[in-house]
Q: 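Below is one structure. I have some questions about it.
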Amino acid sequence: MNYTFPESVNSFIQQVTTQPVVNQHDEALFNFILNGSQLPYLVLNKTFDAARVKLELKAVEDNNLFVRYYQKYDSTNTKDWYASALYGVSATNPWNAHSQVTDSHKQSAEYDWTETAHNMPYFMSVLEEVLGLDNISRSLIFKLDPGGYVEPHRDIPLEEGHKIMQVSFHAQWPKGATWYLEGAEDGVFPTDEGTIAMHSSIAKHTIINDSNEPRYFIWAFNKHTTKFKQLVISSYLAQYA
């Protein structure tokens, strides 16, 4: 047979027969990993070239795009903590347009890719590969100068329950700069340069920089694509199955 069907029918058929699929079992496993596993952290099976990112971070520094950062929604004390937004209100306005971390997956009409993002073409390609630029709802670079610290805190209240939310890209993490995380082996979150990881938002943590160099890491909140779900699942199975 060779019948003709409306374009609305043909386009729907094309859509559903070519879209990638996460089956029900994998969808349930992904949701368990992020919301029920009680993992303190998950290192993803994906790396990037930290040396190239460091060169781009120098351009961000040279353009004076870092500002002193503090949390608007809690009373966490910090010293020598700075930020620059890749995707946000502006490079030098890295604060959340929403009131809570749990709102960070919501898109904001105020957000756009900033001058900082324009200075980091390689890292933008990493974000595109891992998360997809159209799926990112917020992204910041955090800088912690030598002698700096972020006091112990939880990203969300304990009563909100276990959630793994942000994706962290470890760009420059000198020896002596340490992320201490509740529930982690030896109390330390692994932060090797060039690695990508996620951590529990209810796990209390503190970060110190007991070195002579700044520590930089980049995080993003994102909508979860099929490709990203598959990366999370494969990473979990490789480490915990």
Q: Do Met120 and Leu55 share a hydrophobic cluster, counting only Ile, Leu, Val, Met, Phe, Trp and Tyr and linking them when any side-chain heavy atoms are less than 4.5 Å apart?
A: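 Result: no, two separate clusters.
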Q: Is there a donor-acceptor pair under 3.5 Å between the side chain of Gln239 and the backbone N or O of Ser235?
A: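 Flag set: sc Gln239 to bb Ser235 pair under 3.5 Å.
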Q: Do Asn209 side-chain atoms and Glu213 backbone N/O form a donor-acceptor pair below 3.5 Å?
A: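 Yes; at least one donor-acceptor contact below 3.5 Å.
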Q: Within this structure, what is the OG-CG distance for the pair Ser201 and Leu158, rounded to the nearest 0.5 Å?
A: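 CG of Leu158 is found 12.0 Å from OG of Ser201.
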Q: According to a hydrophobic-cluster definition based on side-chain heavy atoms being under 4.5 Å apart (Ile, Leu, Val, Met, Phe, Trp, Tyr only), do Ile208 and Tyr69 belong together?
A: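 No, Ile208 does not connect to Tyr69 through the hydrophobic network.
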Q: Are the side chain of Arg138 and the backbone of Pro94 linked by a donor-acceptor contact shorter than 3.5 Å?
A: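 A pair under 3.5 Å: yes.
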Q: I need the full list of side-chain hydrogen bond (donor to acceptor under 3.5 Å, both in side chains) pairs touching residues 81-92, with sequence neighbours left out, sorted by first then second residue.
A: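 The answer is Ser84-Thr116.
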Q: Taking the side chain as every heavy atom from C-beta outward, state whether Pro190 and Tyr41 have any pair of such atoms under 4.5 Å apart.
A: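 In contact.
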Q: Applying salt bridge (Lys or Arg N to Asp or Glu O under 4.0 Å) between Glu193 and each of Arg215, Lys54, Arg52, report the one that passes.
A: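 Testing Glu193 for a salt bridge (Lys or Arg N to Asp or Glu O under 4.0 Å) against Arg215, Lys54, Arg52 leaves exactly one candidate, Lys54.
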Q: Would you say that Arg68 contacts Thr78 through its side chain, given a criterion of any heavy-atom pair below 4.5 Å between the two side chains?
A: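 Yes; the side chains approach each other to less than 4.5 Å.
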Q: Quiz question: by atom type and distance under 3.5 Å, do the side chains of Ser168 and Gln166 form a donor-acceptor pair?
A: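 Yes, a side-chain donor-acceptor pair sits under 3.5 Å.
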Q: With a 6.0 Å cut-off (strictly less than), is the heavy-atom count around CG of Asp210, excluding the residue itself, greater than 12?
A: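 It does not: Asp210 CG has 12 such atoms or fewer within range.
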Q: Under a single-linkage definition using a 4.5 Å side-chain heavy-atom cutoff for Ile, Leu, Val, Met, Phe, Trp and Tyr, are Tyr70 and Val150 assigned to the same hydrophobic cluster?
A: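 Hydrophobic grouping puts Tyr70 with Val150.
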Q: Taking Ser211 for the side chain and Ala177 for the main chain, is one N or O donor matched with an acceptor at less than 3.5 Å?
A: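 It does not hold such a pair.
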Q: Below 30° counts as parallel, above 60° as perpendicular, anything between as tilted: where do the rings of Phe217 and His170 land?
A: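 Tilted.
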Q: Is the NZ or CZ atom of Lys143 both under 6.0 Å from the centre of the six-membered ring of Phe66 and within 45° of that ring's axis?
A: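 Yes, a cation-pi geometry holds between Lys143 and Phe66.
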Q: May I ask you to test the His162-Ser37 pair for a side-chain heavy-atom distance under 4.5 Å?
A: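 Yes; the side chains approach each other to less than 4.5 Å.
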Q: Roughly how far, to the nearest 0.5 Å, is CZ of Phe221 from CE of Met165?
A: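 Answer for the CE-CZ pair, Met165 versus Phe221, is 5.0 Å.
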Q: Find the distance between OH (Tyr111) and CD1 (Ile136) and round it off to the nearest 0.5 Å.
A: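 Between Tyr111 OH and Ile136 CD1, I get 13.0 Å after rounding to 0.5 Å.
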Q: May I have the step-by-step check of side chain to side chain contact (heavy atoms under 4.5 Å, CB included) for Val232 and Met198, ending in yes or no?
A: CA-CA 9 Å; Val232 168; Met198 306 177 76; 4.2 Å; yes
Q: Drop me the distance from Ile196's CD1 to Leu231's CG, to the nearest 0.5 angstrom.
A: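 So the gap between those two atoms works out to 7.5 Å.
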Q: Taking the ring of Phe189 and the ring of His205, is the distance between their centroids below 6.0 Å?
A: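 Here the rings of Phe189 and His205 have centres that are no less than 6.0 Å from each other.
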Q: Evaluate Ile218 against Leu127 for side chain to side chain contact (heavy atoms under 4.5 Å, CB included), listing each step before the verdict.
A: CA-CA 10 Å; Ile218 305 160; Leu127 283 180; 5.6 Å; no
Q: Under a single-linkage definition using a 4.5 Å side-chain heavy-atom cutoff for Ile, Leu, Val, Met, Phe, Trp and Tyr, are Leu237 and Val130 assigned to the same hydrophobic cluster?
A: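 Leu237 clusters together with Val130.
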Q: Can you check salt bridge (charged side-chain N to carboxylate O under 4.0 Å, His left out) on Lys227 and Glu129, steps first, answer last?
A: CA-CA 9 Å; Lys227 182 178 180 181; Glu129 169 65 19; 3.1 Å; yes
Q: Starting at OH of Tyr236, measure out to CZ of Phe30 and round the result to the nearest 0.5 Å.
A: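 With rounding to 0.5 Å, OH (Tyr236) is 13.5 Å from CZ (Phe30).
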Q: We want to know whether Asp155 and His199 form a side-chain donor-acceptor pair, criterion being a heavy-atom distance below 3.5 angstrom.
A: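 A pair is found: one side chain offers a donor N or O, the other an acceptor, under 3.5 Å apart.
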Q: For the pair Phe142 and Trp219, name the ring-plane relationship: parallel under 30°, tilted 30 to 60°, perpendicular over 60°.
A: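 Judged by the thresholds at 30° and 60°, the geometry between Phe142 and Trp219 is perpendicular.
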Q: Are any side-chain N or O atoms of Gln172 and backbone N or O atoms of Pro214, one a donor and one an acceptor, separated by less than 3.5 Å?
A: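 Yes, Gln172 side chain to Pro214 backbone: donor-acceptor pair under 3.5 Å.
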Q: Can you find a heavy atom in the side chain of Leu86 that is under 4.5 Å from one in the side chain of Leu140?
A: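 No, too far: nothing below the 4.5 Å cut-off.
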Q: Distance-only, no hydrogens or angles: does the Glu56 side chain make a donor-acceptor pair with backbone N or O of Tyr122 under 3.5 Å?
A: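 Checking the backbone N and O of Tyr122 against the side chain of Glu56, a donor-acceptor pair under 3.5 Å is found.
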Q: Once you round to the nearest 0.5 Å, how far does OH of Tyr149 lie from CG of Asn77?
A: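 Those atoms lie 6.5 Å apart.
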Q: Do Val188 and Ile202 sit in the same hydrophobic cluster, where Ile, Leu, Val, Met, Phe, Trp and Tyr count as joined when their side-chain heavy atoms come under 4.5 Å apart?
A: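 No, no single cluster joins them.
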Q: Tell me whether the rings of Phe123 and Phe169 are parallel (<30°), tilted (30 to 60°) or perpendicular (>60°).
A: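 Perpendicular: the ring planes of Phe123 and Phe169 meet at over 60°.
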Q: To check you understand the geometry: which heavy-atom pair defines the closest contact between Pro146 and Asp80, and what is its length?
A: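 Answer, listing the atom of Pro146 first, then Asp80: O-OD2, 4.0 Å.
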Q: Counting only N and O atoms by type, is there a donor-acceptor contact under 3.5 Å from the side chain of Asn63 to the main-chain atoms of Ala59?
A: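 Pair found, side chain donor or acceptor close to backbone of Ala59.
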Q: Where do Ile33 and Leu42 land on the side chain to side chain contact (heavy atoms under 4.5 Å, CB included) test, with the steps shown first?
A: CA-CA 9 Å; Ile33 295 166; Leu42 177 67; 4.1 Å; yes
Q: Would you indicate whether Tyr180, at its atom OH, is surrounded by more than 12 heavy atoms from other residues, nucleotides or ligands within a distance under 6.0 Å?
A: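 Counting other residues, nucleotides and ligands, OH of Tyr180 stays at 12 neighbours or fewer.
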Q: May I ask you to check whether over 12 heavy atoms, not counting those of Asp62, lie within 6.0 Å of atom CG?
A: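 Counting neighbours around CG of Asp62, more than 12 heavy atoms of other residues, nucleotides or ligands fall under 6.0 Å, so yes.
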Q: Please test His224 against Leu34 for side chain to side chain contact (heavy atoms under 4.5 Å, CB included), starting from the C-alpha separation and ending with a verdict.
A: CA-CA 11 Å; His224 301 140; Leu34 264 58; 3.5 Å; yes
Q: Counting C-beta onward and ignoring hydrogens, is there a side-chain heavy-atom pair between Leu133 and Met124 closer than 4.5 Å?
A: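 They are in side-chain contact.
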Q: Determine the minimum heavy-atom distance between Ala171 and Val53, stating which atoms define it.
A: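 Looking at all heavy atoms of both residues, the closest pair is CB-CG1, 3.8 Å.
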Q: I'd like to check the side chain to side chain donor-acceptor pair (under 3.5 Å) partners of Lys204; sequence neighbours left out, ordered by chain and number.
A: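 Per chain and number, Lys204 pairs via side chain to side chain donor-acceptor pair (under 3.5 Å) with no residue.
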Q: Please answer whether the main-chain N or O of Ala51 pairs with a side-chain N or O of Asp49 as donor and acceptor at a distance below 3.5 Å.
A: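 Yes; judged by distance alone, with no hydrogens or angles, the pair exists.
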